[in-house]
Amino acid sequence: MRCNLNLLNDKESYEFVSAPVQPTNDLVSFDINIETRKDMDVHNSRKFNHKEYTKGGVRLDFGVGLALQYIDDAPIYEMSVNSAGINSIAEVSKNNYFPSIVGMATMSFRSEKVVAWGMSAGIGVNVTDGKIQTNNFYFGPSLILGRYERLCLTAGGTVKGVSKLRSGYSVTDISNTNDISSFTTESIKIGVFMSVTYNLTKGIKQNIKYLKQ
């Protein structure tokens, strides 16, 4: 037994042969074959597979999820009939919070750890006043959770197009039309947001297959 332990501690007892490895995704799979040398009395031949997470370099992930924006002073206007029975401009709500479906691109340093940091930018789709809007843009730092099934938590700044009254008009102004778009124009507002997205990068799905083998 002591002789066997001494042989294992002696580097001359081993010969390492490895083909060049070029990782392309987040996981490298090694097929290892240990064979007994002919001049050794120890018989410990075996074959097994070893998987190693890659690290270093930059990766780009794409994901979808939900976001919540906060925009200060983003009212919604419509035409309503006043007490005199005449169409007038009315402010129906002071919307400050806007939920949306968001698509995010996240850039981060490749890491073998469960938690990583990155930067994200994306675009969102939401419904405001019965209309589908795509004028929502997001950017900020992200916390990435997971190695192959990744969730991305992002918070930062957002830019959104909101309606405002044209110059010369104000709430309660009367008109003979009921089309509010004649009195409003789009304005760009800056706010903050938080989002949760799920990673859809194809390379991650391939890694799940390797892990289950």
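Taking Ile, Leu, Val, Met, Phe, Trp and Tyr as hydrophobic and joining them when side-chain heavy atoms fall under 4.5 Å apart, one finds I101 in a cluster with L66.
Heavy-atom minimum distance, M119 versus P141: SD-CA, 3.6 Å. When all heavy atoms of I144 and C152 are compared, the closest pair comes out as CG1-SG, 4.2 Å.
Considering only residues two or more places apart in sequence or on other chains, I123 meets the side chain to side chain contact (heavy atoms under 4.5 Å, CB included) condition with F137. For M107, the side chain to side chain contact (heavy atoms under 4.5 Å, CB included) partners at least two apart in sequence or on another chain are V58, L60. Applying the ring-ring contact (aromatic ring centres under 6.0 Å, His included) criterion to Y70, with sequence neighbours excluded, gives Y97. By the side chain to side chain donor-acceptor pair (under 3.5 Å) test, T197 is found to be paired with no residue, residues two or more places apart in sequence or in another chain being considered.
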Pair V159-F139, side chain to side chain contact (heavy atoms under 4.5 Å, CB included): steps then yes or no: CA-CA 9 Å; V159 176; F139 50 91; 4.0 Å; yes
Run the side-chain donor-acceptor check on residues 187-195: report pairs under 3.5 Å with partners two or more places apart or on a different chain.
none

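Note that the OG atom of S142 and the CZ atom of R150 stand 12.5 Å from one another [nearest 0.5 Å]. Annotation: the span from F62 atom CZ to N199 atom CG amounts to 10.0 Å, rounded to 0.5 Å.
Side-chain atoms of L145 and V115, non-hydrogen and from C-beta on, do get closer than 4.5 Å to each other. Contact annotation: the side chain of V102 approaches that of Y138 to within less than 4.5 Å [non-hydrogen atoms, C-beta and beyond]. Between L68 and F98, the closest side-chain pair of non-hydrogen atoms is not below 4.5 Å. Contact check for M104 versus D61: no side-chain heavy atoms found under the 4.5 Å cut-off.
Side chain of N136 to main chain of G124: a donor-acceptor pair is present (N/O by atom type, distance under 3.5 Å, no hydrogens or angles).
At a threshold of 4.5 Å between side-chain heavy atoms, the hydrophobic network of Ile, Leu, Val, Met, Phe, Trp and Tyr places V64 and L151 in one connected group.
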